[in-house]
Number of protein chains: 2
Amino acid sequence: MVYADHYINKLRKSGLRPTKQRIKICEVLFDNDQTFHFTIKELVKIIENQAKIKVSLATVYNTVHAFINKGYLKEIPIKSSVSYYDTNTAHHHHFFDENDGRLIDINHSDVGPIDIQTKIPGKKIKSIEVFVKLEDQK
Amino acid sequence: MVYADHYINKLRKSGLRPTKQRIKICEVLFDNDQTFHFTIKELVKIIENQAKIKVSLATVYNTVHAFINKGYLKEIPIKSSVSYYDTNTAHHHHFFDENDGRLIDINHSDVGPIDIQTKIPGKKIKSIEVFVKLEDQK
DNA sequence: CCCTTAGTTTATAATAATTCTAATGTATCT
DNA sequence: AGATACATTAGAATTATTATAAACTAAGGG
Ligand SMILES: [Mn+2]
Ligand SMILES: [Mn+2]
Ligand SMILES: [Zn+2]
Ligand SMILES: [Zn+2]
């Protein structure tokens with residue numbers, strides 16, 4: 001549990017004004033033991049449940065985008081119909097359980113070095129992400 | 001270059017009636033030396049350019065979905081705003097050049113074995129895909 | 001403090017990809 | 001040829017996301 005002051009400072013340092021909407025979204029996103037993955041729809045629901053204040057849908061979108069730009073969230077393109085976001089911004093990988101559409105983190109350290117033997121002229125590797133699809137064990 | 005008869009047989013064997021729309025889409029998708037990636041919008045454009053016949057947008061969507069179900073196409077979730085499809089259905093990986101939004105195949109054999117040290121109880125690995133983001137070399 | 005201003009929130013409209021509907025058309029089987 | 005299940009189509013509906021523009025507010029200077 002972190003006090004709102006912490007988020008106020010964090011927002012100010014990022015050049016974002018600490019509005020009550022943003023502070024509440026920070027609490028919802030970052031006041032957790034665990035990082036997690038979410039869609040905008042899910043985030044709106046969490047805010048509705050936890051918060052006394054109302055936050056408009058537009059502000060939820062705006063804030064998520066602002067936080068992505070600042071590096072506080074990552075977008076995970078796993079389904080093309082809806083955007084998934086991740087509060088874990090460390091370099092890591094994912095299981096994806098297609099049965100229930102759930103993403104599960106794989107620590108970077110739990111994946112061996114990845115050896116890519118193809119080169120693209122004029123380009124260099126910016127990041128490597130592994131997606132592991134799961135199915136029920138027979 | 002393959003004759004239409006080939007696709008007629010392929011469609012029939014799949015339980016899909018060989019309509020002139022589906023045959024034309026087969027030609028556009030599979031009559032190539034190289035596999036490729038495409039969006040629905042791009043596919044519609046290719047069809048418009050190559051084909052004498054008109055194919056409705058609904059049929060393009062229907063056919064792409066039918067072909068995915070039959071395993072003749074794969075969906076590549078790389079952007080959440082639009083679906084990318086792949087005529088390469090072999091197990092392989094991808095570079096993604098964020099500058100121009102282009103996908104480039106990486107042969108399965110060009111990626112070393114991937115060692116995942118995390119286990120999820122009751123689940124087993126169905127597939128492993130690697131996405132490598134590219135940036136311009138300094 | 002009070003103003004000013006730039007940044008923010010918000011309701012609502014607009015956009016765009018995709019899916020649905022239901023009428024018309026056609027491949028296939030008898 | 002006739003019956004029928006499957007397929008195509010135009011257009012409407014849906015849904016996630018973005019844009020708009022008016023009202024609101026945090027921040028900084030006086
Ligand atoms: Mn993640
Ligand atoms: Mn591919
Ligand atoms: Zn994650
Ligand atoms: Zn590919």
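Note that the coordinates shown come from a computational prediction; the quantities given were computed from them, not determined experimentally. Below, chain A is the first sequence line, B the second, and so on; all start at residue 1.
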With a cut-off of less than 4.0 Å, is there a side-chain N or O of [X] near OP1 or OP2 of [N]?
| X | N | answer |
| --- | --- | --- |
| A:K54 | C:dT10 | no |
| A:Y61 | D:dT17 | yes |
| B:T19 | D:dA7 | no |
| B:R12 | C:dT28 | yes |
| B:K20 | C:dG25 | no |
| B:Q21 | C:dG25 | no |
| B:H65 | C:dT18 | no |
| B:R22 | D:dA7 | yes |

For [X] and [N], give me the distance from atom [atom1] to atom [atom2], rounded to whole Å.
| X | N | atom1 | atom2 | value |
| --- | --- | --- | --- | --- |
| B:K45 | C:dA17 | NZ | P | 11 Å |
| B:I23 | D:dC6 | CD1 | C1' | 15 Å |
| B:R17 | C:dG25 | CZ | P | 16 Å |
| A:L43 | D:dT17 | CG | P | 12 Å |
| B:K79 | C:dT18 | NZ | C1' | 16 Å |
| A:I47 | C:dT10 | CD1 | C1' | 14 Å |
| B:E42 | C:dA16 | CD | P | 16 Å |
| B:I53 | D:dT9 | CD1 | P | 7 Å |

Please work out whether the ring planes of A:F67 and A:F30 are parallel, tilted or perpendicular, with thresholds of 30° and 60°. tilted
Whether A:H93 and A:H91 hold their rings parallel, tilted or perpendicular, with breakpoints at 30° and 60°: perpendicular
Heavy atoms under 4.0 Å, any strand shown: does B:S80 hit a base, just sugar-phosphate, or nothing? nothing
Base, sugar-phosphate or nothing for B:T59? Non-hydrogen atoms, less than 4.0 Å. base
B:N62 or A:V82, whichever maps to the more 5' nucleotide of DNA chain D: B:N62
Transitive ILVMFWY side-chain link A:I47 to A:Y85, under 4.5 Å: yes
For B:R17, does its backbone N or O pair with a side-chain atom of B:R22 as donor and acceptor, under 3.5 Å? yes
Output yes when a side-chain donor or acceptor of A:D86 lies under 3.5 Å from a complementary backbone atom of A:N88, and no otherwise. yes
Would a 4.5 Å heavy-atom cut-off, applied to side chains only, mark B:I106 and B:V130 as touching? no
Note: for B:S83 and A:L57 on DNA chain C, the residue whose nearest nucleotide lies more 5' is A:L57
Compare the minimum distances between each of C:dT28, D:dA10, C:dT10 and the side chain of B:P18, then state the nucleotide with the smallest one. C:dT28
